[in-house]
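Read the structure below first, then the notes.
Just so you know, these numbers use all the heavy atoms, side chains as well, and skip hydrogens, waters and symmetry mates.
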Amino acid sequence: MKKSILFVIACLTSMGAFAQNDSILTLDEVVVTGTRNSVDVRHLPMTVNVITREKLTEQHQTSVLPTVLQRVPGLFVTSRSMMGYGVSTGAAGGINMRGITGGAGQMLVLVDGHPQYQGIYGHPISDSYQTLMADRVEVLRGPASVLYGSNAMGGVVNIVTRGAHTRPLEGTQVQTDIVLGAGSYGTVQAEASNQVRSGKFSSTVAAQYNRTDNHRPRMGFEQYGGYMKLGYDFNDHWNAYVDADVTHFNVSYPGSVSSPLFSANQWITRGVVSAAVENRYDRTSGALSVYSNFGRHKIDDGTADPDKPTQRYFRSKDALTGISWYQSARLFEGNRLTVGIDYQHIYGHAYYTSKETGEVLDTPNKQSGKSYRNEIAGYVDFRQDLLDWLTVDAGLRVDNHSITGTEWIPQAGIVIRPIATGEIKAMASKGFRNPTMREMYLYPPSNTELEPERLWNYELSWRHRVNLGSKALTYGANFFYIMGDNMIQTVPTDGKPKNVNTGEIENYGAEAEATLYINRHWTLSTNHSFLHMKNAVIAAPEYKGFLGADFHFCKWTVNAGVQYISGLYTAVGDNEQKENFCLVNLAVNYALLKNLSLWARGENLLAQDYEINLGYPMPRATFMAGVNVRF
């Protein structure tokens, strides 16, 4: 903890030392997460972070998650290698917010507001969240179940997809980008995208290929996929789009250092398709959308003895298909009322096939199964500016699950603006999660009588934008308290393991962040989070801090960052283990020509020896370099 405090002091001191030059102006952030329509974040009681496409692409990361990890306090993402997260046993890519974990289905990832999770196990599939499809990422810290339903207990990560937004006055706009890179451990990344805007029509098409051997034997990763979005503006008020994103990845799983595995391979295909019709008027806006998130998994669990290979594959098919409608209206001055209806059909089928014959195998102990579940919900959110300096917000969702029944989810918040550039926010919100197919139907601990998990989050925050003469500083701090019960745990019951609603959550902590715009050359940013958990969970650090510096001059762009992690639980219980480490990363871009730039990236430049997943040492210093062509 002493090192954590010293790191915070060093970050704040460095920002103060730079606050002595010309600066640039800042714009107020407009978000769609936390409310279905575009809203100035100053009027929302929720805490929302926005990571723009410029920020997502400046380090040439193929996934959005490394950048989100750096830029959002309180959020942590597990990793085990240079590239690729994988699925199943030993997988990384677990998303944790304030000790609430996506691995248990308590964190929700959205794509354009549509839920994305595996239909059998209920968790996000992190290798699906590629930078090529993202225009920006909005992260809501704290429950968002009123708008997004089950799984949004700890918060949501909303990936807003790319589109050609600006309508040309005449002619056609076309932009093509090609990014190529190679580096440590045989790592290769390649991405090509094309955007067209012609009159009322727009399109975005992108493709990607990535591969690496990674730093351990039998840990290869290969991924290829594509994204497409077609849009049409009927007039100034109505538009429609269809989009699709499909990715396939092959992963080799080496096991932990102490228990190595052979022939543990995974072949995973994930995809999402959606279509929407949107309307936007001065006093009202809304959308009707349909979507389907689907997957096909084939997994060889591997063997400790290479001379005794396994005889079967685990296979699964899953899909989450839904319809979503909402309409938001300004009934009178300072008011915004949003109503919506969501329907979801969740399908999962888990089974085993013979390697030799390909036939489906009969399996004991509920290792195979099939499930169909439905959810239908209605919600309302009411926000009112009572005075120039006071906004109140209240929301309610009624969610019916075909197995677990009906759940009522309320939230309430208030925003006080004592000065024109600062807000005090207070929020109380409920989050919940319905049990998954695995917890109810698969494997011996399954229990068909499970109830939803529930928690309440209470939060107080302050955000302030300061004009320092020719500079601009934005900073904020928030404090939260989380109390949850009915958590699903596997405990001995009548001498056998069984999933029951018996666990509790009690977490509290503080988060702070600041961005200093010094001038058109320099920007500094920092964020910090402190977390206390009554019942510790893995992949939830007690402290996480980040200090970043962005430098732009002539043809050069440099992005440097220092990430310090303290008290990261890699094991809990009787054999509790923690990790502390400090990572230094650097990315450099040079505009060689008008349409050609060179880039290089180095990670863990101090060559730290550390683990995030127990038994999976992370690579020492790694490097990537490449070219970016735009025409």
Side-chain angles (χ1 to χ4, degrees), residues 51 53-70 77 79-86 92-93 125-135 137 159 161-162 175-195 204-216 219-228 245-252 266-270 557-559 561 583 585-592 595-605 618-631:
I51 303 99
R53 179 159 183 83
E54 179 184 9
K55 188 60 64 178
L56 290 169
T57 58
E58 66 186 9
Q59 297 183 44
H60 296 91
Q61 297 283 0
T62 59
S63 168
V64 302
L65 294 180
T67 307
V68 172
L69 165 65
Q70 290 182 345
V77 182
S79 182
R80 66 181 187 184
S81 60
M82 183 174 176
M83 177 185 287
Y85 297 110
I125 305 292
S126 292
D127 283 310
S128 300
Y129 311 132
Q130 306 144 295
T131 305
L132 88 164
M133 67 175 175
D135 179 69
V137 177
I159 301 171
T161 57
R162 298 168 68 187
Q175 179 176 300
T176 300
D177 289 278
I178 299 174
V179 180
L180 302 173
S184 303
Y185 304 110
T187 302
V188 174
Q189 63 183 71
E191 177 185 320
S193 66
N194 172 267
Q195 290 187 286
T204 299
V205 179
Q208 183 183 63
Y209 176 79
N210 309 309
R211 63 90 55 205
T212 183
D213 295 326
N214 278 316
H215 63 295
R216 291 180 58 195
M219 205 178 194
F221 176 83
E222 182 183 36
Q223 179 179 36
Y224 46 89
Y227 170 74
M228 178 192 71
D245 178 74
V246 178
T247 184
H248 176 86
F249 51 96
N250 306 317
V251 188
S252 295
Q266 304 167 358
W267 300 267
I268 312 297
T269 300
R270 303 296 307 182
T557 300
V558 180
N559 311 106
L583 305 178
N585 302 323
L586 181 69
V588 179
N589 290 265
Y590 178 73
L592 183 64
N595 299 319
L596 175 66
S597 62
L598 308 178
W599 62 270
R601 180 179 78 238
E603 298 180 305
N604 190 15
L605 295 178
M618 290 294 291
R620 299 295 185 98
T622 60
F623 301 91
M624 291 288 296
V627 298
N628 187 3
V629 181
R630 169 172 289 183
F631 54 90

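- Side-chain contact of Q130 with Q61: a donor-acceptor pair under 3.5 Å is absent, judged by distance alone.
- No side-chain donor-acceptor contact under 3.5 Å links T67 and Q59.
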**Item:** side-chain contact (heavy atoms from CB on, under 4.5 Å) evaluation trace for Y185 with T622
**Value:** CA-CA 8 Å; Y185 304 110; T622 60; 3.9 Å; yes
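- Salt-bridge check for D135 with R53: failed, with every basic side-chain N at 4.0 Å or more from each acidic carboxylate O.
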**Request:** Give the intermediate values and the outcome of side-chain contact (heavy atoms from CB on, under 4.5 Å) for residues Y209 and E191.
**Result:** CA-CA 6 Å; Y209 176 79; E191 177 185 320; over 6 Å; no
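- Distance CD/E603 to OG/S184: 9.5 Å, rounded to 0.5 Å.
- Checking N194 against T176 by side-chain atom types alone, a donor-acceptor pair falls below 3.5 Å.
- Every residue two or more places apart in sequence or in another chain was checked for a ring pair (Phe, Tyr, Trp, His ring centres under 6.0 Å) with H215, and none qualifies.
- Residues Q195 and T204 have side chains that bring a donor and an acceptor to within less than 3.5 angstrom of each other.
- N210 and Q189 share no side-chain donor-acceptor pair at under 3.5 Å.
- A donor-acceptor pair shorter than 3.5 Å can be found between the side chains of N559 and E58.
- Checked by atom type, the side-chain pair T212/T187 shows a donor-acceptor distance below 3.5 Å.
- Among residues two or more places apart in sequence or in another chain, the ring pair (Phe, Tyr, Trp, His ring centres under 6.0 Å) test is passed with Y224 by H248.
- Of all non-hydrogen atoms in R162 and Y227, the two that sit nearest each other are O-OH, 3.6 Å.
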